[in-house]
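Some notes on the structure that comes next.
Keep in mind the model is a prediction, meaning the values are calculated, not measured. The chain is numbered in sequence order, starting from 1.
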Amino acid sequence: MTTADDTVFSVVYSSTATAPFSHEALGELLQQCRAANSERGITGMLLYRNGRFIQILEGPEQAVRETMGKIERDPRHDHLRVLIDEFIEERNFAEWTMGFEPITMPQGDAPEGFRDTFDDLESHGDPSATLRAARELSLWFRVRANQPN
């Protein structure tokens, strides 16, 4: 049984950078996110590619909602769209105050099933397609994070 003290709230959102992020700017953003998330008990992941962000935040509901409020006011991005907000049984990213993966195009032919767009995450007509795509992306990230470099 889940109590209010151990309930985990999760938000998945997408947004567009107002200006391209350099590796240094992404590093600074991650440093800020990790410090703030550690203080608030928030974990998650951040994906960035071609000026687009996808982020998953999970933790205590109030802390996640307050963090989302700050994110919504951040001038470094716009067109923020919450794709999923839900209570979950357990954290998917318990080890990371903010996991990060820069997504690059593969060299040569793309592997079967390669995702080169986030468009299906923003499916306006089918919320279940958005949920499936976000969960697939979450699984992809966790598998990649556990692979040796």
Side-chain angles (χ1 to χ4, degrees), residues 1-23 25-105 111 113-147:
M1 183 174 142
T2 302
T3 66
D5 293 331
D6 60 8
T7 299
V8 180
F9 186 66
S10 177
V11 171
V12 179
Y13 76 86
S14 68
S15 66
T16 304
T18 53
F21 271 68
S22 66
H23 289 293
L26 283 170
E28 290 174 19
L29 175 64
L30 285 169
Q31 186 176 28
Q32 293 166 1
C33 290
R34 288 173 176 152
N37 290 351
S38 179
E39 289 178 17
R40 295 183 184 112
I42 293 176
T43 56
M45 74 162 187
L46 175 67
L47 301 172
Y48 177 78
R49 178 169 180 241
N50 294 337
R52 297 277 307 277
F53 290 102
I54 300 289
Q55 186 168 20
I56 299 176
L57 299 172
E58 56 190 20
E61 181 179 12
Q62 182 175 347
V64 171
R65 290 193 187 278
E66 288 172 0
T67 299
M68 282 302 299
K70 290 179 182 180
I71 290 169
E72 288 170 344
R73 293 184 301 274
D74 190 323
R76 294 176 288 189
H77 66 122
D78 57 14
H79 304 294
L80 185 142
R81 181 165 177 256
V82 173
L83 306 172
I84 302 168
D85 60 347
E86 64 182 353
F87 290 96
I88 56 177
E89 295 280 326
E90 62 185 352
R91 292 176 188 256
N92 291 303
F93 303 98
E95 304 83 27
W96 303 305
T97 52
M98 186 50 56
F100 174 71
E101 182 70 29
I103 302 173
T104 58
M105 294 298 289
F114 177 75
R115 174 186 297 277
D116 66 352
T117 178
F118 294 138
D119 290 348
D120 59 337
L121 282 171
E122 297 183 350
S123 172
H124 296 282
D126 184 2
S128 66
T130 299
L131 184 59
R132 281 191 310 273
R135 290 202 170 125
E136 175 188 313
L137 197 55
S138 170
L139 176 62
W140 170 86
F141 181 86
R142 285 181 284 153
V143 167
R144 285 193 45 120
N146 291 323
Q147 291 177 348

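Side chain of His77 to backbone of Gly51: no donor-acceptor contact under 3.5 angstrom is found. For the pair Tyr48 (side chain) and Phe21 (backbone), a donor-acceptor distance under 3.5 Å is present. One N or O on the side chain of Glu58 and one on the backbone of Asn92 form a donor-acceptor pair closer than 3.5 Å. Looking only at distances, a side-chain donor or acceptor of Thr67 sits under 3.5 Å from a matching main-chain atom of Ala63. Not one N or O on the side chain of Glu86 forms a donor-acceptor pair closer than 3.5 Å with the backbone of Ser10.
Rounding to the nearest 0.5 angstrom, the gap separating the CZ atom in Arg34 from the OG1 atom in Thr43 is 12.5 Å. The distance from the CD1 atom of Ile42 to the CE atom of Met68 is 10.5 Å, given to the nearest 0.5 Å. If you take CG on Leu26 and CG on Leu46, they are separated by 7.5 Å, rounding to the nearest 0.5 Å. With values rounded to the nearest 0.5 angstrom, Glu72 atom CD is found 11.0 Å from Asp74 atom CG. Once rounded to the nearest 0.5 Å, the distance linking CZ of Arg52 with OG of Ser15 reads 8.5 Å. Rounding to the nearest 0.5 Å places CD1 of Ile84 at 14.0 Å from OH of Tyr13.
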ask   = Would Val8 and Val64 satisfy side chain to side chain contact (heavy atoms under 4.5 Å, CB included), going step by step from the backbone distance to the final call?
value = CA-CA 9 Å; Val8 180; Val64 171; over 6 Å; no

task = Apply side chain to side chain contact (heavy atoms under 4.5 Å, CB included) to Phe53 and Leu47, showing your working.
result = CA-CA 6 Å; Phe53 290 102; Leu47 301 172; over 6 Å; no

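The two residues Pro60 and Arg91 have their closest heavy-atom pair at CD-NH2, 3.9 Å. Residue Lys70 comes nearest to Arg40 through the heavy atom pair NZ-NH2, 2.5 Å, listed as atom of the first residue, atom of the second, then distance.
With 3.5 Å as the limit, one finds no donor-acceptor pair spanning the side chains of Arg76 and Thr18. Counted by atom type alone, Gln32 and Glu28 present zero donor-acceptor pairs between their side chains at under 3.5 Å.
Using a cut-off of 4.0 Å between Lys/Arg side-chain N and Asp/Glu carboxylate O, Arg65 and Glu61 are scored as salt-bridged.
Counting non-hydrogen atoms of other residues, nucleotides and ligands closer than 6.0 Å to CD of Glu95 gives a total above 12.
Using a 4.5 Å heavy-atom threshold, the side chains of Val11 and Ile56 count as separate. Ile71 is listed as a side-chain neighbour of Leu80, based on a closest heavy-atom distance under 4.5 Å.
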